[in-house]
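What follows is one structure encoded as structure tokens, with my remarks underneath.
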Amino acid sequence: MTTFSLGDTDFLRDGQPHQVISGAIHYFRVHPDLWQDRIRKARLMGLNTIETYVAWNAHEPRRGEWDATGWNDLGLFLDLVHAEGLDAIVRPGPYICAEWHNGGLPVWLTGSMGDLRSSAPEFLAEVSAYLRRVYDIVAPRQIDRGGPVVLVQIENEYGAYGSDEAYLEALVAVTRDAGITVPLTTVDQPVDQMLSDGSLPELHKTGSFGSRSAERLATLRRHQPTGPLMCSEFWDGWFDWWGGVHHTTDVAAAAADLDALLAAGASVNIYMFHGGTNFGLSNGANDKGRYLPLVTSYDYDAPLDEAGNPTEKFFAFREVIAKYAPVPDDLPAPASTAPAFDVPLSPAGAWTDAAGSGAVAAQPQTFDALGHLSALVRYDVDLPDRNGGLLLIDEVRDLAWVSVDGVAVGTLSRTRHDRALRIPDGRTLSILVEDQGRVNYDHRLGEEKGLIGEITLDGVAVTGWRSTPLDITAIADAITDALISESASGEVPGGPTAWTAEFDLDTASDLFLDTASWSKGYAFVNGFFLGRYWRNEPQRTLYVPAPATRPGGNRLVVLELEQILTPAARFIDAPALGVTEE
């Protein structure tokens, strides 16, 4: 039986000093058929450990509907890590941030209580049940039971959110009661108050940072007088948001900071080793005075790019690691060029015009009140006396397309802080609202989506709303199953229109779908939900993982919300993630 413990200055593996050299891979951001490939490449870079978060809302999107299969098969992921001869670190949250939808917390949870991430009894009851399910998977896979798991983290950067010691104590208690015997850690940014508030004396503190390693380790040491120093989130890149740029970090500078960490004897978890993709509707958002939804790609400028290919950073990090630990002689195979081709798109009709459902209510119902987990709700109301005027909404979360009698009037954007729009006379006002991603950081976790607060027209309250949820995946599936499309007339339809295309492949292949000539919407290949696209930049291509494709015929479905500029689907040979800062 192998043991793993905390020494006075080092981690101890079977009593011998051990430096953890880890990299992050989020199993829920990578197609399961590709897990083994990404894990193997981590070993080839010289890593001895893989770290992953656990996304509660991926496992239990609806209360009581727990799923640990397929994309959520954490046990298989850990088994593959073990089979590759690597250790594992598990960070189950319950809050994970991770630029992931709602910080990993299920919407049914955050919508049902106000005291999040606290020792409030109702919150602890739900969290404890969740953690026990996770630990049913993790406990038998600990290193002292012949498995790969060497560390388990309690909460996540809690010092940036709260200071409820009773909450952390309760998480420790349920963790130990569930049979977790490996060392327990916390992580916070190397700021005195965060390090003080985010941990307990019996937990091992680690830091999260991406530069000035010596200075940050010194701060951490003041708060962690004994035991191994560890940067458990070494930020080697950054994430992107719509309307911004594609973030990259200088390779030499990142390698130098990694070198400084390892030279100091510190352990490290590289965040990210491989970022992957916010497939479907899983992207998060930030709001520090301005709402910024995150893009579909989670490439992160990591050593493995979004498609799992080694980058310049991979080889630079490998050279650094080789100074401190054995590195395999083998190298990953060079990246192959993705097929490049164009195929015409055919319109398949309007797709947001489903008949109104549900009872008429005085106020529009939020996504949360509807129990709706997809991205769109349409709100319809009859206009009093068919008069237009100044429409004023307390808050739109997050983007709304406004029309009167089916004619587009304009948009209202949370990011732009829009609240008002003048509308013409007409019979019916329709407002299509998109949830662009739940905030994943700080105190806006769990906020409701939809039309929030009072709605007036020339100062008079507008009532009598019908709220119609639109399930994007179900709509795309229906279009795929119908196998129908309208013949192209030469005129490109505007407004929300579904489009389809057929294309052949010689073999299943990674693809990069160029969305530059489209506006805003969602794309599917063979029913696999690639994610969101938007001309708002920076991201231009959607990554299509090879397991989502097949030899022979393949089918693309595009749900466009605004306008297709050119009715064609273009696949290019490499990702295009946007301009970078100089």
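Atoms considered below: every heavy atom in the structure, side chains included; atoms not considered: hydrogens, waters and symmetry mates.
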Would you please indicate if the ring centroids of Y161 and H443 are separated by under 6.0 Å? yes
Check the orientation of Y533 and W518. Use parallel for under 30°, tilted for 30 to 60°, and perpendicular for over 60°. perpendicular
Is it true that N102 and N57 share a donor-acceptor pair across their side chains at a distance under 3.5 Å? no
Is a side-chain donor or acceptor of Y158 paired with a backbone partner of R117 at a separation under 3.5 angstrom? yes
Could you tell me if H223 and D192 have a donor-acceptor pair between their side chains, going purely by distance under 3.5 Å? yes
How far apart are the C-alpha atoms of F11 and S5, what are their side-chain angles, what is the distance that settles it, and do they pass the side-chain contact (heavy atoms from CB on, under 4.5 Å) test? CA-CA 6 Å; F11 290 111; S5 59; over 6 Å; no
Would R438 and D435 count as a salt bridge (Lys or Arg N to Asp or Glu O under 4.0 Å) here? Give the steps. CA-CA 7 Å; R438 301 254 175 175; D435 167 1; 3.6 Å; yes
For H26, run the ring-ring contact (aromatic ring centres under 6.0 Å, His included) check against W100, Y300, Y271 and tell me which one passes. Y271
Would a line drawn from the ring center of W235 to the ring center of H247 be shorter than 6.0 Å? no
Using only atom types and a distance under 3.5 Å, with no angle test, would you say the side chain of N48 pairs donor to acceptor with the backbone of Q19? yes
Of T186, V187, T219, the residue whose pairing with L195 passes side chain to side chain contact (heavy atoms under 4.5 Å, CB included): T219
From R414, R532, K449, residue fulfilling side-chain hydrogen bond (donor to acceptor under 3.5 Å, both in side chains) relative to E434: R532
Y130: which of W56, Y95, Y135 passes ring-ring contact (aromatic ring centres under 6.0 Å, His included): W56
Test item: N72 side-chain N/O and A58 main-chain N/O as donor-acceptor pair under 3.5 Å: yes
Flag yes if more than 12 heavy atoms outside R570 fall under 6.0 Å of its CZ atom; otherwise flag no. no
Has R29 got its NZ or CZ under 6.0 Å from the middle of the six-membered ring of Y298, at an angle within 45 degrees of the ring axis? yes
Tell me yes or no: between the side chains of D398 and T415, is some donor less than 3.5 Å from an acceptor? no
Check this for me: E215, atom CD, are more than 12 non-hydrogen atoms of other residues, nucleotides or ligands nearer than 6.0 Å? yes
Taking the side chain from D573 and the backbone from A340, do they hold a donor-acceptor pair closer than 3.5 Å? no
Classify the ring geometry between F571 and F503 as parallel (under 30°), tilted (30 to 60°) or perpendicular (over 60°). tilted
Check whether N269 reaches the backbone of S232 with its side chain - one donor and one acceptor, N or O, closer than 3.5 Å. yes
List in chain and number order the residues that pass salt bridge (charged side-chain N to carboxylate O under 4.0 Å, His left out) with R38, two or more places apart in sequence or in another chain; answer none if no residue qualifies. none
In terms of the angle between their ring planes, are H18 and F4 parallel, tilted or perpendicular, with boundaries placed at 30° and 60°? perpendicular
Could you note down all residue pairs passing salt bridge (charged side-chain N to carboxylate O under 4.0 Å, His left out) where residues 75-89 supplies at least one of them, sequence neighbours left out? R13-D87, R43-E84, D79-R141
Just checking, is any N or O donor in the side chain of T277 or E306 under 3.5 Å from an acceptor N or O on the other one? yes
Tell me which one of W35, F279, F77 satisfies ring-ring contact (aromatic ring centres under 6.0 Å, His included) with W71. F279
